[in-house]
Amino acid sequence: MNYTKQIQDIAAKLFAEGKIDVFVGYRMNGFDENQVPVLITDPQDVSKLVFTDKSVFNLVNYLKTDHTRRKRVGIVVKGCDSRSLNLMLTESQVKRENLYVVGICCEGVVDDAGEKMQNCTDCMVPDAVVSDEMLGTAVSGSGTLTYKKNADIVALAEKPLTERAAYFEEVFENCIRCNACRHSCPLCYCAKCCIDQETATLYNGANTTSAAFHALMTWSLHLAGRCVDCRNCEKACPSHLPLHLLHKQNESVIYENFQEHLAGVIPEDRGAFYKYSLKDPDDFIM
Amino acid sequence: MSFTTFVTDKAGLQKFYEAVMASRETYAPVEKFGKFDFKRVARLSECDPVSPIAKTLSIKPLFFPRTAKVMKYVATSAGTDVSEVDEDPLAVKRVILGAKHCDARSLQVLDKVYNWDYIDTDYQKRRENTVIISTRCDKADTHCFCTSLDYDVENLDALDVLVVNGADGKTYLEARTAKGEALLGETFTSDAVRVTKEEAAPEMKKQYDAFAASFRLKMDYKEVNAKLAKIFDTPEFENVSGNCVSCNTCAFVCPTCHCFKISDEKVKDTGVRYKSYDSCNNGYFTLMAGGHNPRPVKYRRWRQRAMHKFVYYKERFGENLCVGCGKCTISCPVNISIFEVVSQVSAAAGNRQ
Ligand code: SF4
Ligand code: SF4
Ligand code: SF4
Ligand code: SF4
Ligand code: SF4
């Protein structure tokens, strides 16, 4: 998967035609073979752009910053990224007419060790679902792949409750409450979040296991039915906490109970928590 | 005062560590979820005193905890009763194994601010009661630049006991402070040979030279100090911070950052007040009660971070507020490097007077 040339050409053309103010893509990080996001405003710099299976970070995150607000933006999105973009559009966070979206038919990205990321192996929607232009050939079965319950949550579910509780206790104990997870998530766009320590009225800013538990549980519930499994949060966590366990558990409960809902796949489709259907199960209501 | 040097082998070092653990509360890098954090350990098998550089968090939380209780209070109809919290065993003598040199150095830098206008007695107590054993790294990691900064890595006295894997395969232990001398003297009797500093010097020097040659990053910090001081208003700060997502993690993992915030945990009328880490990259950091925020945009916050580390702290305390450990860069989700930021901004300064 290498669309470096195509993306450079698209960005150059968009700048030349005066269609964008900024292009959000990837560049080499300058010290090893990994990449970092780059926001290009000077057409001279389009040659910095690259795209390969090392283009990991979900760039939709940048649509919530001042660098892109009220500007015309060119952006590259993979399958998962495009789903978060769909949600940003549905939730009125960005205007479609301000965007030029380069969609990727994604063959999967790799981690620092060069292994295909777990979310890519499990991916149901590798081809971008919102775009002005697509790169690559459609990945076979995209959108019709069968849902695989995440192997880690399956394995964890088999363990006795006490063991699971002890495991999560350890997760929350090792959280340092930096909130990098919340800030690197494209869908955590709230200017004031109830788990931000500065405005915390619900949870204090202390780094106690109980504060971390409450903050992370609230955070993951606000992403239930919205999380697109891009793993920006997990990649950002300085303590390497397995945050996907929280999100994938929510995802599978919602998929199994609410008409196979997957976040952001259908444009204009509101999240599972925003719509009501007569088919919704209610057997858990006492 | 002259300090002792011992020469031993891997097994001797292990015995030394075990003896230390038996005699004092010991903290060392413990692996959890693939990351090493300094935790209380009882056995050597629980920890890794030479944990990988890129996966190890700093020792700062052992001196400036991520969260500390400041006080307890009870609101009554007659007023509020405030009481001290005394849970932190400040008086306990403890040892840290496996601190990197940069980590040890960060405490010397922090000492300055903690001994400044307000003397933080909790910090002082923890400092006094802790002995630091630090193994000199054999090879720098991708983002390390300790040897480029304003401290002598080879002769560092921020640590109490130095451990060096000699070029000859032997292990050298050297006391660097009176505290270190006492610890070595009381724990290290058998299996090790006392040598003079001069006898140990050649092998230790060889190890240092090989280590010093392994650095990818090199900077002239004096030039950075001087240039940054002149270019507060350069637009280059916008370029270097463009892809920052203001996630705060750089400050949370940095061994020298020391900003904190205060928050309360209150149940009915009883509460605890906490002091926890904060970060200047955070949008709220300078938000004032009246609603004004002098640093509402990222580049201003990043400018503060760079300037505080390489200009303001240096001017006030004579030290850079950065020890070149690279932890910020490793943890940053978009790999923004303080080294690159200050190098690039100073380069942009050119010869501005
Ligand atoms: S919660 Fe994590 S995996 Fe889910 S959308 Fe946000 S950053 Fe991506
Ligand atoms: S990024 Fe990790 S350590 Fe930081 S708040 Fe989130 S879970 Fe906790
Ligand atoms: S700024 Fe970065 S390199 Fe410097 S001391 Fe802090 S974490 Fe280490
Ligand atoms: S900066 Fe790197 S090489 Fe230097 S002491 Fe720290 S970990 Fe070791
Ligand atoms: S860790 Fe990186 S992205 Fe996060 S605030 Fe620091 S520089 Fe910005």
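Side-chain atoms are counted along with the backbone in the values below, which use heavy atoms only and exclude waters and symmetry mates.
- Checking B:K32, B:K39, B:K35 one by one against A:N174, the side-chain hydrogen bond (donor to acceptor under 3.5 Å, both in side chains) holds for a single residue, B:K39.
- No part of A:T41 comes within reach of chain B, as not one of its non-hydrogen atoms sits under 4.5 angstrom from that chain.
- Separation of atoms CG (A:N232) and SG (B:C247) is listed at 10.5 Å; rounding is to 0.5 Å.
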List the steps and the verdict of side chain to side chain contact (heavy atoms under 4.5 Å, CB included) for B:N335 and A:F57.
CA-CA 11 Å; B:N335 280 168; A:F57 199 82; over 6 Å; no
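- In this structure, the side chain of B:Y277 does not engage the main chain of A:C178 through any donor-acceptor pair within 3.5 Å.
- Chosen from B:P333, B:A251, B:P61, B:G283, the residue pairing most often with chain A at heavy-atom distances under 4.5 Å is B:P333.
- Crowding of A:Q44 atom CD: a count of heavy atoms from other residues, nucleotides or ligands under 6.0 Å not exceeding 12.
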Walk me through whether B:F33 and A:V171 qualify under side chain to side chain contact (heavy atoms under 4.5 Å, CB included).
CA-CA 8 Å; B:F33 306 106; A:V171 171; 3.5 Å; yes
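- Using a 4.5 Å cut-off between heavy atoms, A:F31 touches chain B through backbone and side chain atoms alike.
- Here the shortest heavy-atom pairing between A:A180 and B:T249 reads CB-OG1, 3.5 Å.
- Residue contact with chain B, scored on non-hydrogen atoms closer than 4.5 Å, involves the backbone and the side chain of A:N29 alike.
- If you measure heavy-atom distances from A:V24 to chain B, you find no contacts under 4.5 Å at all.
- To the nearest 0.5 Å, the span separating CZ on A:R177 from CG on B:D278 amounts to 11.5 Å.
- Across all their heavy atoms, B:V253 and A:P238 have their closest contact at CG1-CB, 3.7 Å.
- The 12-atom threshold is not exceeded at NZ of B:K268, counting heavy atoms of other residues, nucleotides or ligands nearer than 6.0 Å.
- Taking the side chain as every heavy atom from C-beta outward, B:N282 and A:N179 never approach each other to under 4.5 Å.
- Of the possible donor and acceptor atoms, one in the side chain of B:N243 sits under 3.5 Å from a partner among the backbone N and O of A:P37.
- Listed by chain and residue number, nothing satisfies the ring pair (Phe, Tyr, Trp, His ring centres under 6.0 Å) test with B:Y73 (two or more places apart in sequence, or in another chain).
- Options A:H183, A:E173, A:Q35, A:R182 differ in how many heavy-atom pairs under 4.5 Å they form with chain B, and the most are formed by A:H183.
- A:I176 CD1 to B:S276 OG: the interatomic distance, rounded to the nearest 0.5 Å, is 12.0 Å.
- Contacts between B:T142 and chain A at a heavy-atom distance below 4.5 Å involve the side chain alone, from C-beta outward.
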